[in-house]
Amino acid sequence: MPSNTWTRRHIISLADFTTTEYDTVLQTAASFREVLSRRTPKVPTLQGQVVANLFFEPSTRTRSSFELAAKRLSADTLNFAAATSSLTKGETILDTAKTYLAMGTDIMVIRHQEAGVPQAIANEMDRLESRVGVLNAGDGQHEHPSQALLDLFTITTLLDPDRPRIELLKDKKIAIVGDILHSRVARSNIWSLTATGAEVHLASTPTLLPQLFANYGIDRPGKLFLHWDVEPALENADFVMTLRLQKERMTQHLLPSLREYHQRYGITRDRIKLCKDEVKVLHPGPVNRGVEISSDLMDDLQFSLISQQVTSGVAVRMALLYLMGGGKA
Ligand code: NCD
């Protein structure tokens, strides 16, 4: 396990993550990937610590992944589902968090449909002088740091399985295609990928990719480009990240139809030919099959890293919980 020089108590956003922090997460995740390949894939690292998963919004993979990661580290886990909680009786979110604090929770993993909730809970925990760490598991359209870190781990591990590190992505071309406007995954990925020195090309319809995204790449080693056609983003790309069209967040008429979107921007076997021969395709899931990506390409293991992303997710989340939990080996 790399020596633990981690000082960040809460992980809310990647906007101010340092090069050292990215590499620490990647190296620690590589150690946990090795643990997960053992016959007994479990370590006593967080024994006695309590990890509470507070998910105020539906989730399949992120929630299960954090739960498994905490269990593989021997932490005690508490699971909360908004629909069956005291929130339905009028309790405030901060009071719910304080209830978990009073039970001795060490780390709170929080997902909420409103941007800013994990930060608000972290502020409250600090105000109360608790030592609780808050990890943002996706807040509204703001950020989803653990998803971007697992994406980073998946692609850097492919380039060097023994020593994943961010410098491996310097000058690589990465396209992010889909509903960027509503995507917290895209926002976190823009921070992490531009920090590596990669060329990041965003592509979508003008309605789902407003010009203000250009400001995200400023002052970063990598370069950020915006395209309202998909082809220039795909040309010679090393990696393509596809994003779900978040229909539940589209309150205005942003697209003529999903069929038309697929025709102009969908990642298909034909379009992928514009990329490098060895291109790999990612998707954070859940996928609208046949909309942002064609169904056959999604299942083609020559191109698709989708299952690797899910597998990487457990190792990366173990790394984050380990680093936040004080890294007691
Ligand atoms: C993403 C999310 O919830 O932001 N999914 C995930 O965490 N794996 C992306 C999405 O919902 O489209």
Side-chain angles (χ1 to χ4, degrees), residues 11-15 29 53-70 79-83 109-119 135-155 175-193 202-205 208-209 213 239-251 254-255 258 261-262 265-267 281-293 295 298 304-318 320-321:
I11 300 178
I12 307 289
S13 157
L14 296 183
N53 282 322
L54 308 182
F55 278 60
F56 298 89
E57 193 199 67
S59 167
T60 304
R61 59 217 94 212
T62 305
R63 183 187 162 130
S64 310
S65 181
F66 270 113
E67 186 176 352
L68 186 59
N79 277 306
F80 157 95
V109 178
I110 298 170
R111 164 165 296 192
H112 198 280
Q113 59 276 17
E114 305 289 344
V117 169
Q119 182 68 66
L135 207 162
N136 177 8
D139 62 330
Q141 296 175 28
H142 176 225
E143 282 212 47
H144 192 350
S146 67
Q147 179 67 45
L149 292 168
L150 78 86
D151 292 341
L152 191 64
F153 181 69
T154 307
I155 55 185
I176 304 182
V177 185
D179 183 355
I180 291 161
L181 175 66
H182 297 105
S183 178
R184 53 195 174 208
V185 175
R187 286 175 177 79
S188 290
N189 262 311
I190 292 169
W191 292 132
S192 57
L193 296 174
L202 310 179
S204 198
T205 65
L208 296 177
L209 176 55
F213 272 88
F239 295 97
V240 179
M241 292 186 170
T242 49
L243 294 173
R244 186 173 69 92
L245 291 192
Q246 306 205 359
K247 289 174 273 182
E248 75 279 16
R249 298 210 171 110
M250 291 189 195
T251 49
L254 298 171
L255 293 170
L258 295 182
Y261 175 86
H262 182 70
Y265 296 90
I267 304 302
V281 179
L282 297 97
H283 193 305
V287 178
N288 296 306
R289 276 184 184 265
V291 180
E292 58 264 5
I293 180 168
S295 198
M298 175 183 167
S304 171
L305 291 180
I306 298 175
S307 329
Q308 271 106 308
Q309 286 174 276
V310 176
T311 308
S312 299
V314 181
V316 169
R317 289 174 174 128
M318 283 173 83
L320 298 177
L321 295 174

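Ligands are counted one by one from 1 in listed order, and the atoms in each one are counted from 1 as well. Not measured: the values here are computed from a predicted model.
Listed as neighbours of ligand 1 are Arg61, Thr62, Arg111, His144, Gln147, Arg184, Val185, Arg244, Gln246, Pro284, Gly285, Pro286, each bearing a heavy atom under 4.0 Å from the ligand.
One finds the CD1 atom of Ile293 at 4.5 Å from the OG1 atom of Thr242 (value rounded to the nearest 0.5 Å).
Glu67 and Asn79 share a side-chain donor-acceptor pair at under 3.5 Å. Under 3.5 Å, the side chains of Ser13 and Glu143 contain a donor-acceptor pair of N or O atoms.
His262 is linked by a side-chain contact (heavy atoms from CB on, under 4.5 Å) to Thr268, Ser294, counting only residues two or more places apart in sequence or in another chain.
Partner of His283 under the side-chain contact (heavy atoms from CB on, under 4.5 Å) criterion, out of Met298, Met241, Arg244: Arg244 alone.
Side-chain atoms of Arg317 do not come within 3.5 Å of backbone N or O of Phe66 as any donor-acceptor pair.
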